[in-house]
Amino acid sequence: LVLQLFLRHPWLRRLSAALAGLLLGVMLVAGWGWWNARSLRVLAAELRLAYERHDAAAMEQLFCWDGVDAGTRARIRLVILQEYELPVASVVVRPLTVLDRQPGPGLRPNLPPAATIEVAFDTADRLSAAYLAGRDGWFRHKLVVMLPAN
C-alpha cells in the first residue's frame, strides 16, 4: 500500500531518484578518493621497503621513466645510489602545496603531480628527501621525474 502511494506521486519519485543519484555520486567520489589514497600509501610503503632493503633496482622501478633521456636517468640513479644506504626514520605522504604544483623554471613533470612523498632519514642531521608522485594510468602512482621543458 505504501509503495502504491509512493509511486502515485511524481514529486516523491523525483525526490527519491535525486537522492539516489546524490548518494551514488557521493559514494563514487569517496571510493575514488580512497583508491587514490591507497595507491599513494602503497607507493610510500614500496619506497620505504626499497630503502630498508638497500635495493636500488627496486627504487628505480618506482619512478615513471616516460620521456626520460639516458643522461637524466643516470643522474637520478646516482642520487638513488647516494641515498639508498641511509637509514629511514619515516616515509609520509603529504598533499601538494602551491609550490609543488608549479614546475621549476625550465622544467616540466613527466606525470601530473598528485602528492608529495617525504622521506626523513635517521641521521644526526635529519636529512630528508621529497618526491613528487603522480598517477600512472588508472591503478597506481609512480614517482615523478622533472624533465627539461621543450
Under 4.5 Å between side-chain heavy atoms, hopping through other hydrophobics if needed: is there a path connecting Y51 to L49? no
Using the side-chain contact (heavy atoms from CB on, under 4.5 Å) criterion, which residues pair with L127? Sequence neighbours excluded. L86, F121, T123, D125
For P87, is there any backbone N or O sitting under 3.5 Å from a side-chain donor or acceptor partner on D122? no
What do the steps show when you test V68 against F63 for side-chain contact (heavy atoms from CB on, under 4.5 Å), and what is the final call? CA-CA 10 Å; V68 178; F63 283 87; over 6 Å; no
All salt bridge (charged side-chain N to carboxylate O under 4.0 Å, His left out) counterparts of D55, not counting sequence neighbours: none
Output every pair passing salt bridge (Lys or Arg N to Asp or Glu O under 4.0 Å) with a member in residues 39-48, not counting sequence neighbours, ordered by first then second residue. E46-R140, R48-E52
About how many Å separate CG of L107 and CG of L147, when rounded to the nearest 0.5 Å? 8.5 Å
Return the minimal non-hydrogen interatomic distance between L40 and V93, and the atom names on each side. O-CG2, 3.7 Å
Determine, using the 4.5 Å side-chain heavy-atom cutoff (strictly less than), whether Y131 and L81 are members of one ILVMFWY cluster. yes
Taking atom CZ as the centre, does R126 end up with more than 12 heavy-atom neighbours from other residues, nucleotides or ligands that are less than 6.0 angstrom away? yes
According to a hydrophobic-cluster definition based on side-chain heavy atoms being under 4.5 Å apart (Ile, Leu, Val, Met, Phe, Trp, Tyr only), do W35 and M27 belong together? no
Shortest non-hydrogen pair, V145 vs C64, comes out as CG2-O, 3.5 Å
For L43, is there any backbone N or O sitting under 3.5 Å from a side-chain donor or acceptor partner on K142? no
Determine whether L19 and L23 make a side-chain contact, defined as any pair of heavy atoms from C-beta on separated by less than 4.5 Å. no
What's the verdict on side-chain contact (heavy atoms from CB on, under 4.5 Å) for M59 and L47, showing C-alpha distance, side-chain angles and the deciding distance? CA-CA 6 Å; M59 289 177 74; L47 183 62; 4.2 Å; yes
CG of L78 to CD of E83, rounded to nearest 0.5 Å, is 10.0 Å
Do I117 and L111 share a hydrophobic cluster (ILVMFWY, side-chain heavy atoms under 4.5 Å, transitive)? no
Please enumerate all residues that pass ring-ring contact (aromatic ring centres under 6.0 Å, His included) together with Y84, with sequence neighbours excluded. none
Tightest non-hydrogen contact, residues T116 and A130, listed as CG2-CB, 3.9 Å
Only counting residues at least two apart or in another chain, list the ones meeting side-chain contact (heavy atoms from CB on, under 4.5 Å) with A114. H141
What one should report as the nearest heavy-atom pair of P113 and L132 is CG-CD1, 4.2 Å
Which residue pairs pass the side chain to side chain donor-acceptor pair (under 3.5 Å) test with at least one member in residues 69-78, sequence neighbours excluded? E60-R77, D69-T72, T72-R75
What verdict does the side-chain contact (heavy atoms from CB on, under 4.5 Å) test give for I76 and W65, after you've listed the backbone C-alpha separation in whole Å, the side-chain angles of each residue and the deciding distance to 0.1 Å? CA-CA 11 Å; I76 292 173; W65 297 110; 3.7 Å; yes
N110 side chain to D66 main-chain N or O, any donor-acceptor pair under 3.5 Å? yes
